[in-house]
Amino acid sequence: MPELPEVEVVRLGLEPAVAGARVGDVELHEPRSLRRHVRELGDFETLLRGARLSAPVRRGKFLWLPIERSGPPLALLAHLGMSGQLLLRSVDRQAQPRTRVRILLQPAGRPELFLDFVDQRMFGSLAVDRLVPTDDGAPGGLGSARPLVPAQAAHIARDPLDPAFDEERFIRRVRASRSGVKRALLDQRLVSGIGNIYADEALWAAGLHYERPGSALSRAQLLRLLTAVREVMLRALAEGGTSFDAQYVNVNGASGYFSRSLTVYGRQGLPCARCGTVLRREPFMNRSSHLCPRCQPRPRARRSG
DNA sequence: AGCGAGCCCTGCGCGC
DNA sequence: TGCGCGCAGGGCTCGC
């Protein structure tokens with residue numbers, strides 16, 4: 001369940017089971033799911049067995065569970081990719097198909113349970129990674145007050161729901177570039193957590209075409225765009241995220257309902273909710289963009305020279 | 001430096 | 001029915 005609202009649903013669902021829990025056995029069913037594991041720290045399973053975990057933290061689409069230990073700080077890092085799920089299952093349940101890693105959790109004073117990493121396409125992964133200091137001294141992400149972030153997520157920007165998100169830096173960098181505004185929204189180094197669905201939804205809400213050059217946008221337009229991003233993400237979060245099928249579910253396997261509330265994504269051929277014009281889907285960066293051609297007019301081509 | 005292409009994968013729905 | 005194609009919530013690396 002890939003974009004920020006879906007990962008946040010997972011973070012909230014994991015928190016009560018994971019915070020303070022000890023790790024029992026670790027079963028690795030698919031070594032490719034550890035692609036991002038940092039080998040020099042040691043063996044993934046060995047590092048985790050017996051470890052105590054603290055509450056989950058999220059920045060953008062990255063989620064991590066800090067490991068309580070002496071010595072350099074480490075965390076169990078998860079990225080769900082396109083199809084990853086983290087599921088909590090009672091110990092009498094068989095692993096469902098495509099379970100790649102199964103971690104036994106022993107919460108204090110409560111029955112033990114499995115944390116299953118399920119991933120169809122295997123673009124997602126788990127790892128043990130080092131925690132490094134944040135460059136601004138603020139907390140690493142939502143869920144922890146500690147100014148630490150996994151090394152593999154240190155290069156990505158904060159997300160728009162993070163109180164320490166540097167709005168002015170985002171605006172400055174977008175306005176300094178002539179590339180299209182959707183590219184900027186999807187560039188996790190500028191702002192994290194936004195994927196194809198919420199980029200299209202926010203651009204529609206802000207009335208901007210995906211190819212509008214960043215350099216042509218005013219500060220006020222970019223502030224409105226960030227507001228639109230936050231607004232659509234918060235609404236999605238309130239509905240449990242966007243689920244098109246059983247691939248995108250919370251830690252209990254339940255779907256979110258925000259797909260009913262999408263205004264442009266996947267709605268090509270249907271009328272725009274604002275003006276009735278037929279919505280379009282257009283190729284973009286080996287994916288698609290969905291838009292209303294009237295509310296989001298294509299920028300006039302710049303004449304060179 | 002920025003940007004497009006290719007790659008990492010599995011599986012579904014569609015047209016032929 | 002079967003096959004090939006296009007498509008899918010992401011992101012890293014490599015060239016130009």
Side-chain angles (χ1 to χ4, degrees), chain A residues 1-10 29-38 58-63 77-86 96-100 117-127 129 150-157 159 172-203 210-211 213-215 229 232-233 236-237 239-250 255-262 264-269 281-290:
Chain A
M1 317 192 29
E3 302 183 45
L4 184 153
E6 293 75 35
V7 181
E8 179 64 8
V9 165
V10 172
H29 299 180
E30 175 51 81
R32 287 177 295 173
S33 290
L34 299 188
R35 211 171 333 115
R36 308 178 78 120
H37 176 60
V38 182
R58 182 191 56 73
R59 177 190 293 210
K61 306 170 197 173
F62 283 86
L63 184 69
L77 175 65
H79 195 291
L80 301 179
M82 292 281 262
S83 59
Q85 306 170 21
L86 286 167
Q96 71 178 62
R98 305 182 200 99
T99 297
R100 311 304 185 186
F117 179 66
V118 179
D119 190 9
Q120 177 198 104
R121 291 178 69 185
M122 296 199 293
F123 289 160
S125 60
L126 298 184
D129 195 8
Q152 288 178 57
H155 69 290
I156 74 162
D159 62 64
R172 232 173 19 244
R173 294 191 53 182
V174 173
R175 295 193 69 201
S177 163
R178 285 163 65 166
S179 57
V181 62
K182 183 173 175 183
R183 176 179 301 283
L185 285 181
L186 295 178
D187 186 342
Q188 307 293 303
R189 296 167 304 173
L190 300 182
V191 56
S192 67
I194 306 171
N196 211 29
I197 294 179
Y198 297 109
D200 284 0
E201 293 293 317
L203 288 168
Y210 59 90
E211 279 181 353
S215 54
V229 167
V232 68
M233 283 182 164
L237 185 56
E239 295 189 45
T242 301
S243 306
F244 296 132
D245 53 42
Q247 290 296 311
Y248 305 96
V249 294
N250 69 14
S255 292
Y257 294 100
F258 195 66
S259 60
R260 297 181 310 193
S261 306
L262 295 174
V264 282
Y265 189 89
R267 294 180 58 81
Q268 60 275 13
R281 177 169 73 86
E282 299 179 358
F284 174 80
M285 286 174 74
N286 291 328
R287 291 200 176 83
S288 301
S289 270
H290 307 77

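Sequence lines set the chain letters: A, B, ... in the order given, protein chains first and strands last, and positions in each chain run from 1. All of these numbers come straight from a predicted model, not from anything done at the bench.
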Within the supplied structure, the quantity of interest is the number of heavy atoms (other residues, nucleotides, ligands) at a distance under 6.0 Å from A:Tyr257 OH; does it exceed 12?
no
Please name all residues satisfying side-chain hydrogen bond (donor to acceptor under 3.5 Å, both in side chains) with A:His290, sequence neighbours left out, ordered by chain then number.
A:Asp200
Rounding to an integer number of Å, can you tell me how far A:Leu34 CG sits from B:dC8 P?
19 Å
Give A:Tyr198 one of three labels, base, sugar-phosphate or nothing, depending on what nucleic acid heavy atoms sit under 4.0 Å from its own.
nothing
Residue list, ring pair (Phe, Tyr, Trp, His ring centres under 6.0 Å) with A:Phe62, at least two apart or on another chain:
A:His79
With a 4.0 Å cutoff (strictly under), does any side-chain N or O of A:Arg121 reach OP1 or OP2 of B:dC7?
no
DNA chain B nearest-nucleotide lookup for A:Arg173 and A:Asn286: closer to the 5′ end is A:Arg173
Taking only residues two or more places apart in sequence or in another chain, which ones pass salt bridge (charged side-chain N to carboxylate O under 4.0 Å, His left out) with A:Arg100?
none
Distance in angstrom units between A:Arg100 CZ and B:dT10 P, rounded:
8 Å
A:Ser179 side chain near B:dC3 phosphate (N/O to OP1/OP2, under 4.0 Å):
yes
Listed nucleotide nearest any side-chain atom of A:Arg32, set B:dC3, B:dT10, B:dC8:
B:dT10
Inter-nucleotide P distance (C:dC5, B:dG6), Å rounded:
16 Å
Which string of ( ) [ ] | and . matches DNA chain B, if you list each base 5' to 3' and count Watson-Crick or G-U pairs only when both distances are under 3.5 Å?
.|||||||.|||||||
Grab the CZ-C1' distance between A:Arg178 and B:dC3 for me, whole Å please.
14 Å
Can you tell me how far P of B:dT10 sits from CD of A:Gln85, to the nearest Å?
16 Å
Nearest-angstrom distance from the residue atom CZ of A:Arg267 to P of C:dA8
17 Å
A:Arg32 meets the side-chain hydrogen bond (donor to acceptor under 3.5 Å, both in side chains) criterion, sequence neighbours left out, with A:Glu30
Classify A:Arg35 by what it touches in the nucleic acid, base, sugar-phosphate, or nothing, heavy-atom distance under 4.0 Å.
nothing
Nearest-angstrom distance from the residue atom CZ of A:Phe244 to P of C:dC7
16 Å
side-chain hydrogen bond (donor to acceptor under 3.5 Å, both in side chains) involving A:Glu201 - partner list, sequence neighbours excluded:
A:Thr263
Of the nucleotides B:dG11, C:dA8, B:dC3, which one has an atom closest to the side chain of A:Gln120?
B:dG11
For A:Phe123, which residues count as a side-chain contact (heavy atoms from CB on, under 4.5 Å) partner, sequence neighbours excluded?
A:Met82, A:Arg121
State which residues pass salt bridge (charged side-chain N to carboxylate O under 4.0 Å, His left out) with A:Asp129; sequence neighbours excluded, sorted by chain then number.
none
Expressed in angstrom and rounded to an integer, what is the separation of A:Gln96 atom CD from B:dG11 atom P?
13 Å
Of the listed nucleotides B:dC12, B:dC9, C:dA8, the one nearest the side chain of A:Phe123
B:dC9
Taking only N/O atoms, report every protein-nucleotides 11-14 of chain C pair under 3.5 Å with atom names and distance.
residue	atom	partner	partner atom	Å
C:dG11	OP1	A:His79	NE2	2.8
C:dG11	OP2	A:Lys61	NZ	3.0
C:dC12	OP1	A:Arg36	NH2	3.4

Which value, in whole Å, describes the distance between the P atoms of nucleotides B:dA5 and C:dC7?
14 Å
Distance check needed: B:dC9 C1' versus A:Leu80 CG, whole Å only.
16 Å
Side-chain N,O (A:Ser83) to OP1/OP2 (B:dT10) below 4.0 Å:
no
